[in-house]
A.B. asks: 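Got a structure for you, questions after.
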Amino acid sequence: MRTVLYPGSFDPVTAGHMDIISRAAARFERVIIGVLRNPEKTTDAFSPAERLSLLRKAAAPYPNVEAAVFEGLLARAAEACGADGVLRGLRTAGDVESEFMMARLNRQMAGVETVFLAASPAVSHISASMVRQIGRLGGDLRGLVPENLLEEISDALAQRDWNGYR
Ligand code: ADP
């Protein structure tokens with residue numbers, strides 16, 4: 001597997017995502033981060049364009065990492081960007097059940113294989129939903145989001161209302 005699609009909501013990118021991205025960048029020729037909109041999620045803080053902009057800044061140090069927004073089925077997105085597999089991160093045993101079901105479905109539907117990286121212990125407790133909550137309440141996001149985006153994400157979240165985009 002040379003090119004992987006790393007899909008997610010990334011609302012916003014966290015230090016946990018960067019753990020997976022940096023390790024994948026060292027092991028795969030090309031890593032494509034895919035911002036996929038999940039129609040069942042109604043708690044968005046950042047628009048897809050904003051998430052993409054944050055991801056591109058966070059991934060700037062890695063020349064073989066790029067990011068794009070995709071609509072629709074993951075298997076089609078993988079095909080559209082020329083990825084030969086999907087990459088996902090596993091935080092806890094709780095992630096395994098749903099992740100394995102999704103991986104099996106993508107393999108059955110489109111022959112797409114999924115590879116998993118186990119989250120580093122230092123970041124395995126970080127989730128984008130907790131980052132959104134802490135940021136909206138004006139808490140300190142240091143260590144939870146990429147260092148170079150600390151101010152941008154903190155300021156944006158502190159100004160968001162509770163029901164969607166600014
Ligand atoms: P989702 O909407 O599927 O939860 P996310 O944007 O939250 O997508 O996460 C995208 C991917 O990053 C998933 O594979 C998820 O398991 C992984 N991930 C999220 N947080 C962490 C973390 N703290 N450590 C490692 N991987 C993570």
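Counting starts at 1 for both ligands and their atoms, following the listed order. We count residues from 1, following the sequence as given.
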A.B. asks: At a 4.0 Å cut-off, with the gap strictly under it, does some heavy atom of F116 reach an atom of ligand 1?
C.D. replies: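 So F116 does not count as touching ligand 1.
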
A.B. asks: Counting only heavy atoms, which portion of P7 has something under 4.0 Å from ligand 1: side chain, backbone, both, or neither?
C.D. replies: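 It is the backbone that touches ligand 1; the side chain stays farther off.
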
A.B. asks: Among V13, L55, L54, which residue meets the side chain to side chain contact (heavy atoms under 4.5 Å, CB included) test with V35?
C.D. replies: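 Going through V13, L55, L54 one by one, the side chain to side chain contact (heavy atoms under 4.5 Å, CB included) with V35 is satisfied by L55 alone.
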
A.B. asks: If we set the cut-off at 4.0 Å for heavy atoms, which region of S9 has an atom near ligand 1: side chain, backbone, both, or neither?
C.D. replies: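 It is both backbone and side chain that touch ligand 1.
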
A.B. asks: Does ligand 1 have an atom under 4.0 Å from some heavy atom of T14?
C.D. replies: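 Not so, T14 does not reach ligand 1.
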
A.B. asks: Do the side chains of L74 and L90 join up, straight or via other hydrophobic residues, at under 4.5 Å, putting them in one cluster?
C.D. replies: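 L74 and L90: separate clusters.
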
A.B. asks: Taking side chain to side chain contact (heavy atoms under 4.5 Å, CB included) as the test, write out the residues that go with S22, two or more places apart.
C.D. replies: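 S22 satisfies side chain to side chain contact (heavy atoms under 4.5 Å, CB included) with Y62 only.
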
A.B. asks: Below the 3.5 angstrom mark, is there an N/O of G8, backbone or side chain, next to an N/O of ligand 1?
C.D. replies: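 No: no nitrogen or oxygen of G8 is under 3.5 Å from one in ligand 1.
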
A.B. asks: Can you give me every donor-acceptor pair (side chain of residues 97-105, partner residue at least two apart or in another chain, under 3.5 Å) with its distance?
C.D. replies:
{"residue": "S98", "atom": "OG", "partner": "D95", "partner atom": "O", "Å": "3.3"}
{"residue": "E99", "atom": "OE1", "partner": "R88", "partner atom": "NE", "Å": "2.9"}
{"residue": "E99", "atom": "OE2", "partner": "R88", "partner atom": "NE", "Å": "3.2"}
{"residue": "E99", "atom": "OE2", "partner": "R88", "partner atom": "NH2", "Å": "2.7"}

A.B. asks: Quick one: does I20 get within less than 4.0 Å of ligand 1, heavy atoms only?
C.D. replies: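 It does; at least one heavy atom falls under 4.0 Å.
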
A.B. asks: Out of A128, A122, S120, G89, who is nearest to atom 16 (O) of ligand 1 when you count heavy atoms only?
C.D. replies: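 Looking at heavy atoms only, the winner is G89.
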
A.B. asks: Looking only at distance, does I126 have an N or O less than 3.5 Å from an N or O of ligand 1?
C.D. replies: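 Between I126 and ligand 1, an N or O pair is found under 3.5 Å apart.
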
A.B. asks: Hey, are E66 and R56 close enough for a salt bridge, meaning a charged N less than 4.0 Å from a carboxylate O?
C.D. replies: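 No, E66 and R56 are not salt-bridged.
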
A.B. asks: Do F10 and ligand 1 have an N or O pair less than 3.5 Å apart?
C.D. replies: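 Right, the criterion is met.
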
A.B. asks: Is any NZ, NE, NH1 or NH2 atom of the basic residue among D11 and R132 found under 4.0 Å from an Asp or Glu carboxylate oxygen of the other?
C.D. replies: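 Yes, this pair counts.
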
A.B. asks: Going by distance only, is there an N or O of Y6 that falls short of 3.5 Å from an N or O of ligand 1?
C.D. replies: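 Yes.
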
A.B. asks: If you count the atoms of ligand 1 from 1 in the order shown, which ones are under 4.0 Å from a heavy atom of A119?
C.D. replies: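 That gives atoms 24 (N), 25 (C) of ligand 1.
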
A.B. asks: Mind checking whether R88 contacts ligand 1 via backbone (N, CA, C, O), side chain (CB onward), both or neither, at a 4.0 Å heavy-atom cut-off?
C.D. replies: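 The answer is both, backbone and side chain.
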
A.B. asks: Find the distance between CG (L87) and CD1 (I32) and round it off to the nearest 0.5 Å.
C.D. replies: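 Answer for the CG-CD1 pair, L87 versus I32, is 11.5 Å.
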
A.B. asks: Indicate whether any N or O donor in one side chain lies under 3.5 Å from an N or O acceptor in the other, for D19 and S120.
C.D. replies: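 Judged by distance alone, the side chains do pair up.
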
